[in-house]
Amino acid sequence: DAAIVFSDILVVAEALGLRVEMPGGRGITVPEPLRSPADLKALRLDAEAAPEAFVEAALSHVLAAIRLTLERMRQEGFGDRPLIGFSAAPWTLFFYMVGGSSRRGQREGERWLGEHP
């Protein structure tokens with residue numbers, strides 16, 4: 001019916017310059033999350049100038065996986081089937097980027113939005 005590609009949403013945080021760690025048994029963390037809008041200056045925001053080039057450079061491994069999946073689908077006779085991409089929601093990414101983990105992320109995200117609407 002279709003093929004599904006999953007990519008962890010935190011590859012976007014990494015592409016923007018945040019360090020992401022995946023220690024076994026503790027869950028994914030962003031050890032140095034954003035604390036205020038001033039921290040945005042440290043991010044790689046060159047995506048705004050040339051978004052296509054930024055995505056090609058910063059997320060080339062994700063794009064390579066998608067291209068490989070599409071090629072294999074064609075080779076195996078499934079080129080007419082849809083490829084569905086899934087990577088979670090923007091709020092999830094925001095909560096990790098400002099909270100550092102899934103446990104603290106929502107609370108910190110709500111704090112951020114309250115203090116910096």
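No hydrogens, no waters, no symmetry mates; every other heavy atom, side chains included, goes into these values. In this chain, numbering begins with 1 at the start of the sequence shown.
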- Query: So how far is it from Asp39 CG to Leu18 CG, rounded to the nearest 0.5 Å?
  - Reply: 9.0 Å
- Should we count CZ of Arg72 as having more than 12 external heavy atoms under 6.0 Å? no
- Closest approach of Pro117 to Gly114 (non-hydrogen atoms, all atoms of both residues): CD-O, 3.9 Å
- Begin with the C-alpha distance, continue with both residues' side-chain angles, and end with the deciding distance and a verdict on side-chain contact (heavy atoms from CB on, under 4.5 Å) for Glu56 and Leu63. CA-CA 7 Å; Glu56 279 289 340; Leu63 295 173; 3.7 Å; yes
- Message: Can you tell me how far apart OG1 (Thr92) and CE (Met97) are? Round to the nearest 0.5 Å.
- Response: 12.5 Å
- Heavy atoms of Val30 and Pro33 approach each other most closely as O-CD, 3.2 Å
- Note on the structure: Rounding to 0.5 Å, atoms OG1 (Thr29) and OH (Tyr96) come to a distance of 9.0 Å
- Message: Contact between Leu16 and Phe54 at the side-chain level, heavy atoms closer than 4.5 Å - yes or no?
- Response: yes
- Give the minimum heavy-atom separation between Gly77 and Asp80, together with the two atoms involved. O-OD1, 4.1 Å
- Carefully, step by step, assess Leu83 and Met73 under the rule side-chain contact (heavy atoms from CB on, under 4.5 Å). CA-CA 9 Å; Leu83 176 61; Met73 288 173 67; 4.2 Å; yes
- Message: Would you compute the distance between atom CD of Glu108 and atom CZ of Phe94 and round it to the nearest 0.5 angstrom?
- Response: 10.0 Å
- Query: For Gly105 and Val98, which heavy atoms make the closest approach, and how far apart are they?
  - Reply: O-CG2, 4.5 Å
- Going by the angle between their ring planes, with limits at 30° and 60°, are Phe95 and Trp91 parallel, tilted or perpendicular? tilted
- Using a strict 4.0 Å threshold on nitrogen-to-oxygen distance, state whether Glu71 and Arg67 make a salt bridge. no
- Task: List the atom of Arg19, the atom of Glu32, and the distance in Å for their closest heavy-atom pair.
- Result: NH1-OE2, 3.4 Å
- Note on the structure: Heavy-atom nearest pair, Trp112 first then Arg35, reads CZ3-C, 3.5 Å
Would you tabulate the side-chain donor-acceptor contacts of residues 3-15 under 3.5 Å, counting partners in other chains and residues two or more places apart, or write 'none'?
{"unit_1": "Asp8", "atom_1": "OD1", "unit_2": "Leu10", "atom_2": "N", "d": "2.8"}

- Message: I'd like to know if Leu40 and Leu113 are part of one continuous hydrophobic network [Ile/Leu/Val/Met/Phe/Trp/Tyr, side-chain heavy atoms within less than 4.5 Å].
- Response: yes
